[in-house]
Amino acid sequence: MNYTRSSALFEDAQKVIPGGVNSPVRAFSAVGGTPIFIEKAEGAYLYDVDGNKYIDYINSWGPMILGHAFPPVVKAVIERAKKGTSFGTPTEIETKIAKLAVKMVPNIDKIRFVNSGTEACMSAVRLARGFTRKEKIIKFAGCYHGHSDSFLIQAGSGAMTFGTPNSPGVTQGTAKDTLLAKYNDLEDVRKLVELNKNEIACIILEPVAGNMGCIPPLDGFLQGLRRLCDEHDILLVFDEVMTGFRLAAGGVQELLGVNADIVTFGKVIGGGLPVGAFAAREEIMNYLAPIGPVYQAGTLSGNPLAMAAGLAMLTELDNNREIFKSINEKTAYLHKGIDRVLKANNVAHTINRIGSMISIHFSEVPVKDFETAAYANNHNFKQFFHGLLNEGIYIAPSAFETWFITDALTYEDLDITIAAIDKVAANTL
Ligand code: KE4
């Protein structure tokens with residue numbers, strides 16, 4: 001592959017944008033090499049500035065579940081743009097997408113739109129704290145909820161149960177109110193709850209983790225958290241930014257039958273434009289300004305242009321529920337093929353999959369939390385990433401990400417991908 005123009009553009013970008021990127025993971029720091037600059041995308045394919053074509057397994061980190069430049073979304077955006085993009089006033093289209101989301105997702109009465117998953121999760125935690133009048137939160141090592149200060153926390157050392165900042169700029173004052181638990185370890189959560197009686201506002205988690213690679217909850221884990229929250233008057237917050245409108249029309253609450261108190265969304269809900277949202281039963285959502293005391297706001301929140309993209313996307317998913325079956329079957333087919341060729345090449349690996357989320361870990365240890373995810377062979381992953389890139393297969397440039405499957409993929413694309421993995425495994429792993 002020739003990356004000449006991408007390299008020149010990267011050089012140029014770094015003069016005026018930190019690291020040449022507007023989000024760190026895009027800089028390929030975890031895998032090395034020069035990030036590719038994309039010129040355009042359509043369906044399941046990316047086309048970079050050097051004219052290389054890729055089968056895309058990132059899909060803008062999840063939103064393009066129906067493929068890039070999905071015609072109904074493009075049409076909606078073009079039509080809407082002609083009427084003006086944002087007025088800072090209420091518009092009917094916000095009510096339309098809100099009603100559709102409330103119809104599709106179980107156990108929510110009201111929804112508030114924001115502009116990113118980070119904003120959705122940050123607002124959800126503030127709402128939980130305001131509603132319960134308690135200050136501490138529990139999150140899980142390896143779960144990512146965006147870059148709000150309360151989430152950029154790592155486990156405290158030794159006996160400390162509270163977290164410490166994992167980024168400069170996050171204060172100890174903030175970190176002390178975030179407790180870190182081990183994903184899929186109910187006992188660990190129970191201990192933290194007992195140690196911080198009547199102080200915990202919420203437990204926030206990715207109900208299916210996607211930021212440690214894909215890690216489904218062990219049987220009983222979500223149900224156990226639900227019980228714990230009910231026993232201790234703690235709100236359960238499902239961060240469905242990645243899983244929402246992907247693992248089912250109603251997300252993980254529908255798929256696994258466990259109800260959260262607050263649910264956050266992003267990615268798919270915006271159809272590729274910047275949209276996040278958080279939702280809950282009326283009693284909780286009515287705590288939000290202007291009718292309640294918890295303040296939350298945004299200049300472009302619910303702007304008609306982004307709402308038009310999101311409404312077109314959700315309408316398609318709501319009217320064609322067979323999409324979820326189709327995308328899950330394609331992911332299962334891919335899983336089977338990758339497992340076959342990695343085994344044939346004697347490559348130690350584990351594949352985690354649920355619905356259309358899948359990740360490959362170069363380790364034979366079952367990956368069920370951050371520690372076991374971190375145990376995998378990262379050297380192999382780097383080789384694997386670049387080998388596939390060279391074959392025109394674009395996967396996430398980090399072993400701690402999930403592959404995002406789009407229904408625009410054909411079975412021929414999947415066979416090409418499996419054959420490329422076979423070739424890379426034979427030659428470089
Ligand atoms: P954004 O603020 O990036 O829209 O959403 C934050 C977020 C919240 N919750 C979950 C479960 C998420 O996965 C994310 C963002 N996901 C990453 C990819 N794993 C976005 C990619 C990036 O940071 O550039």
Side-chain angles (χ1 to χ4, degrees), residues 17-31 35-36 38 56-65 113-126 137 139-153 166-167 178 183 202-217 222 237-247 251-253 260 262-279 298 300-301 306 309-310 313 352 354-359 370 373 394-405:
I17 303 172
V21 293
N22 284 305
S23 198
V25 71
R26 303 176 194 171
F28 280 18
S29 325
V31 291
I36 52 171
I38 298 301
D56 186 11
Y57 286 98
I58 302 184
N59 287 290
S60 184
W61 303 94
M64 311 309 171
I65 191 170
F113 288 96
V114 292
N115 304 281
S116 69
T118 294
E119 215 184 331
C121 294
M122 174 183 80
S123 308
V125 161
R126 182 181 313 132
I137 67 171
K139 78 174 287 289
F140 292 85
C143 280
Y144 178 68
H145 306 296
H147 63 91
S148 168
D149 283 7
S150 293
F151 304 135
L152 298 182
I153 307 294
N166 74 3
S167 163
T178 298
Y183 199 76
C202 68
I203 295 174
I204 182 168
L205 78 158
E206 296 175 55
V208 167
N211 287 285
M212 305 183 244
C214 167
I215 300 185
L222 297 182
V237 181
F238 275 5
D239 172 353
E240 293 224 43
V241 166
M242 203 183 271
T243 57
F245 308 105
R246 170 172 284 279
L247 291 188
V252 174
Q253 287 190 111
I262 303 177
V263 199
T264 64
F265 301 103
K267 299 180 193 282
V268 172
I269 197 171
L273 265 65
V275 178
F278 57 110
L300 288 166
S301 295
M313 174 66 85
N352 283 2
I354 178 167
S356 61
M357 291 170 67
I358 182 172
S359 57
F370 183 64
Y394 192 60
I395 68 169
S398 159
F400 294 97
E401 293 290 353
T402 296
W403 295 29
F404 294 96
I405 306 299

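The structure displayed is predicted, hence computed values, not measured ones. Each ligand, and each atom within it, is numbered from 1 in the order the structure gives.
Between Phe400 and Phe370, the ring center distance clears the sub-6.0 Å criterion.
Ser359 and Asn352 form no side-chain donor-acceptor contact under 3.5 Å, judged by distance and modelled atom types alone.
Taking each heavy atom of Ala277 and Ile269 in turn, the nearest pair found is CB-CD1, 3.9 Å. Across all non-hydrogen atoms, the minimal contact from Ala30 to Pro397 is CB-O, 3.6 Å.
When the heavy-atom distances from atom 17 (C) of ligand 1 to Glu401, Met242, Lys267 are ranked, the shortest goes to Lys267.
Protein heavy atom in closest approach to atom 1 (P) of ligand 1: Gly117 N, 3.5 Å. Looking only at protein heavy atoms, the nearest one to atom 12 (C) of ligand 1 is Asn211 ND2, 3.7 Å. Scanning all protein heavy atoms for the shortest distance to atom 22 (C) of ligand 1 gives Ser23 OG, 3.4 Å.
Near Trp61, the atoms of ligand 1 lying under 4.0 angstrom from a non-hydrogen atom of the residue are 18 (C), 21 (C). Residue-ligand proximity, Ser116 to ligand 1, at heavy-atom distances under 4.0 Å covers atoms 2 (O), 4 (O). Atoms of ligand 1 lying under 4.0 Å from any heavy atom of Thr118, numbered from 1 in the order shown and given with element: 1 (P), 2 (O), 5 (O), 6 (C). Heavy-atom proximity to Gly146, at under 4.0 Å, picks out these atoms of ligand 1: 6 (C), 7 (C), 8 (C). Interface atoms of ligand 1 facing Val25, defined by a heavy-atom separation under 4.0 Å, are 22 (C), 24 (O).
Inclusion of Tyr144 in the set of residues having an N or O under 3.5 Å from an N or O of ligand 1 is warranted. Close N/O approach between Gly210 and ligand 1 is not found [any backbone or side-chain N/O within under 3.5 Å]. At least one N/O-N/O distance between Asp239 and ligand 1 falls below 3.5 Å. For ligand 1, the polar-atom distance check finds no N/O of His145 at less than 3.5 Å from any of the ligand's N/O atoms. Among the atoms of Glu206, none of the N or O lies under 3.5 angstrom from an N or O of ligand 1.
Distance check for atom 3 (O) of ligand 1: every protein heavy atom is found at 4.0 Å or beyond.
Distance check: Asn166 CG to Phe151 CZ gives 12.5 Å after rounding to the nearest 0.5 Å.
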*Does the side chain to side chain contact (heavy atoms under 4.5 Å, CB included) test come out yes or no for Val241 and Cys121, once each step is laid out?*
CA-CA 9 Å; Val241 166; Cys121 294; 4.2 Å; yes
*Ile65/Met313 under side chain to side chain contact (heavy atoms under 4.5 Å, CB included): CA gap, chis, key distance, verdict*: CA-CA 9 Å; Ile65 191 170; Met313 174 66 85; 3.9 Å; yes
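Counting only distance, with no hydrogens or angles, the side chain of Thr178 and the backbone of Ser150 share a donor-acceptor pair below 3.5 Å. Under the 3.5 Å distance criterion, the side-chain polar atoms of Tyr183 are matched with a main-chain donor or acceptor of Glu206.
Listed by first and then second residue, the side chain to side chain donor-acceptor pair (under 3.5 Å) pairs involving residues 17-27 amount to none (not counting sequence neighbours).
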